[in-house]
There are 2 protein chains.
Amino acid sequence: MERFMEVCLFLLLRDGPMHGYGLAEQLIPFGFAPEDLNVSTLYRTLRKMEHEGFVISDWQEGEQGPRKRVYKITTEGEENLEEWIQVLQYRKARIEKVLAVYKEPSKKSFSKVIDEVAT
Amino acid sequence: MERFMEVCLFLLLRDGPMHGYGLAEQLIPFGFAPEDLNVSTLYRTLRKMEHEGFVISDWQEGEQGPRKRVYKITTEGEENLEEWIQVLQYRKARIEKVLAVYKEPSKKSFSKVIDEVAT
DNA sequence: TACTACTATGTGCATGTTGAATATAGTAGT
DNA sequence: ACTACTATATTCAACATGCACATAGTAGTA
């Protein structure tokens with residue numbers, strides 16, 4: 001699932017600014033339960049997204065606890081999300097193709113089956 | 001699409017033995033048109049699959065042209081394919097989750113929209 | 001004969017993505 | 001003091017993939 005988390009982060013940030021730790025919670029319904037979430041990947045991905053101009057961040061201090069880096073999606077980020085959606089639709093189609101062929105009866109020829117039984 | 005070609009190869013070999021170059025042609029309907037197929041990855045993957053015991057190979061000579069290494073799926077390989085199908089079903093579900101949320105109307109709160117308009 | 005195209009299999013190196021472990025630091029409760 | 005929770009980030013290693021290149025047989029053709 002190459003860069004799947006990235007798409008989920010774009011999707012979550014589309015609904016409003018959020019900091020990394022908060023995004024971690026919101027990622028759960030996308031298959032990133034705490035035991036399946038690598039927080040290193042999460043923070044690293046957010047930094048990369050900002051470096052590419054798809055999000056911008058600001059430090060939010062004053063609240064209790066450590067300071068939060070709050071990310072906000074940019075126009076370029078929103079465009080990038082739409083490209084990612086196309087990619088996901090293509091991936092889905094390819095997976096469905098495999099699942100469909102898997103469920104088909106085997107196309108193994110009769111002669112090949114005979115060969116197999118003979119061994 | 002982490003190791004997607006591997007699953008396609010299992011699926012094709014389920015229908016009978018085949019050599020790498022022949023598998024390349026059969027991969028086309030799975031999104032591996034010649035310009036999208038990396039033959040290095042193809043041959044490398046087949047060698048790895050044999051090393052793991054999921055396929056076995058024999059050299060087929062006598063025909064015209066260079067000799068062919070013909071791969072045949074093993075019982076372990078067939079079992080591995082079934083595990084891969086489970087993985088693909090899970091991947092498909094996660095992708096569908098993202099696509100569904102994407103199509104939902106934005107959950108951005110009214111107050112956040114006001115903030116945005118104010119800037 | 002030399003050249004080109006197609007068939008056929010592989011290796012070496014570089015890049016990109018991810019996971020595990022670790023570091024740092026603030027706050028709250030016992 | 002200690003523990004737990006919140007919060008962000010780096011380093012190193014492993015894994016997957018792409019690109020370039022090497023090798024070799026056969027067939028057609030100029």
Short question: side chain of A:Thr45, backbone of A:Glu6 - any donor-acceptor pair under 3.5 Å?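 Looks like no, no N/O pair under 3.5 Å.
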What does C:dG29 pair with, Watson-Crick or G-U, if both distances are under 3.5 Å?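 Partner of C:dG29: D:dC2.
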In terms of the nearest nucleotide of DNA chain C, which residue is placed more toward the 5' end: A:Gly65 or A:Asp36?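 By nearest-heavy-atom nucleotide position, the 5'-most residue is A:Asp36.
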What integer distance in Å separates [X]:[atom1] from [N]:[atom2]?
X: B:Leu9; N: D:dT17; atom1: CG; atom2: P; answer: 11 Å
X: A:Tyr21; N: D:dA7; atom1: OH; atom2: P; answer: 6 Å
X: B:Glu25; N: C:dT7; atom1: CD; atom2: P; answer: 7 Å
X: A:Lys48; N: C:dG16; atom1: NZ; atom2: P; answer: 10 Å
X: A:His19; N: C:dG26; atom1: NE2; atom2: C1'; answer: 13 Å
X: B:Leu37; N: C:dT9; atom1: CG; atom2: C1'; answer: 13 Å
X: B:Glu50; N: C:dG10; atom1: CD; atom2: C1'; answer: 14 Å
X: A:Tyr71; N: D:dA7; atom1: OH; atom2: P; answer: 14 Å

Look at the side chain of B:Ser40 and the base of D:dT17, then say whether one donor and one acceptor between them are separated by less than 3.5 Å.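 A donor-acceptor contact between them is absent.
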For D:dT17, does OP1 or OP2 lie under 4.0 Å from any side-chain N or O of B:Thr41?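 No.
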Looking at A:Tyr43, does any N or O in its side chain come under 4.0 Å of the phosphate oxygens OP1/OP2 on D:dA9?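 Looking at the OP1 and OP2 atoms of D:dA9, neither is under 4.0 Å from any side-chain N or O of A:Tyr43.
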Nearest atoms (heavy-atom pairs only) where A:Leu23 meets A:Met18: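 For A:Leu23 and A:Met18, the tightest heavy-atom pair comes out as CG-CG, 3.6 Å.
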B:Met1 and A:Arg91: which non-hydrogen atoms are nearest, and at how many Å?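 Between these two residues, the closest heavy atoms are SD-CG, 3.3 Å.
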Does the side chain of B:Glu50 come under 3.5 Å of the side chain of B:Ser57 through a donor N or O and an acceptor N or O?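 A pair is found: one side chain offers a donor N or O, the other an acceptor, under 3.5 Å apart.
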Between A:Tyr21 and A:Arg69, does any side-chain donor sit less than 3.5 Å from a side-chain acceptor?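 There is no such pair (donor and acceptor under 3.5 Å, judged by atom type) between the side chains of A:Tyr21 and A:Arg69.
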Pick the nucleotide of DNA chain D nearest each of B:Phe4 and A:Lys68; which residue has the one closer to the 5' end?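 That would be A:Lys68.
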Nearest-nucleotide pick for [X], side chain only, options being [options]:
X: B:Pro66; options: C:dA8, D:dG18, C:dG10; value: C:dA8
X: B:Glu2; options: D:dA16, C:dG19, C:dA8; value: D:dA16
X: A:Arg3; options: D:dT8, C:dA8, C:dT17; value: C:dT17

Could you check whether [X] gets within reach of a base, just the sugar-phosphate, or nothing at all, counting any heavy atom under 4.0 Å?
X: A:Arg44; value: base
X: B:Met1; value: sugar-phosphate
X: B:Phe32; value: nothing

